[in-house]
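Below is one structure, written out as structure tokens; comments come after it.
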Amino acid sequence: MFATMMIAATLVQDAGTLQGPRAAFDNCLEARISAAKAEGQSSADFRTAIRTACAAEAAALKTALIAYDLSTGQSQTEAAAWAEQDVNDHRDAAARRYER
């Protein structure tokens, strides 16, 4: 019982390390949305531009996600795939917010 509680506490603590990189990436995407709106960028151009925007923040988030997933027992391949999907999901969400 105690061991289970310690493992759960460790996982929660590790999940907390994702907050900083995720917030930095989201803040960068929001800044790109604001800039693109101010420029009057088309939705299609924004969707193209957002794929490479915030590269440093995306890389930091992927690194944190992979480290977390590896700590939970996932393989490197699975962790990398999930991290890539997570970053793409954030970019897709940014594109949807831009189109509103």
[atom1]-[atom2] distance between [X] and [Y], expressed to the nearest 0.5 angstrom:
| X | Y | atom1 | atom2 | answer |
| --- | --- | --- | --- | --- |
| Arg32 | Thr52 | CZ | OG1 | 9.0 Å |
| Arg91 | Phe25 | CZ | CZ | 4.5 Å |
| Arg22 | Asn27 | CZ | CG | 12.5 Å |
| Ile33 | Gln41 | CD1 | CD | 11.0 Å |
| Leu61 | Glu57 | CG | CD | 10.0 Å |
| Trp82 | Asp69 | CH2 | CG | 9.0 Å |

Query raised in the report: Do you reckon Ile50 sits in the same ILVMFWY cluster as Tyr98, going by side-chain contacts under 4.5 Å, direct or chained?
Result: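 Yes, because Ile50 and Tyr98 connect within a single hydrophobic cluster, where side-chain heavy atoms sit under 4.5 Å apart.
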Query raised in the report: Transitively linked via ILVMFWY side-chain contacts under 4.5 Å: Ile66 with Val87?
Result: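 No; Val87 is not reachable from Ile66 via cluster members.
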Nearest heavy-atom pair of [X] and [Y]: which atoms, and what distance?
| X | Y | result |
| --- | --- | --- |
| Leu29 | His90 | CD1-O, 3.7 Å |
| Ala36 | Phe46 | CB-CD1, 3.5 Å |
| Ser43 | Glu99 | OG-CG, 3.5 Å |

**Report entry** Step-by-step side-chain contact (heavy atoms from CB on, under 4.5 Å) determination, Asp86 to Lys62
**Finding:** CA-CA 8 Å; Asp86 191 276; Lys62 284 180 190 178; over 6 Å; no
Requested in this report: Take Arg96 and Arg47 through the test side-chain contact (heavy atoms from CB on, under 4.5 Å) and record every step on the way to the result.
Outcome: CA-CA 9 Å; Arg96 287 190 302 274; Arg47 280 193 174 271; 4.0 Å; yes
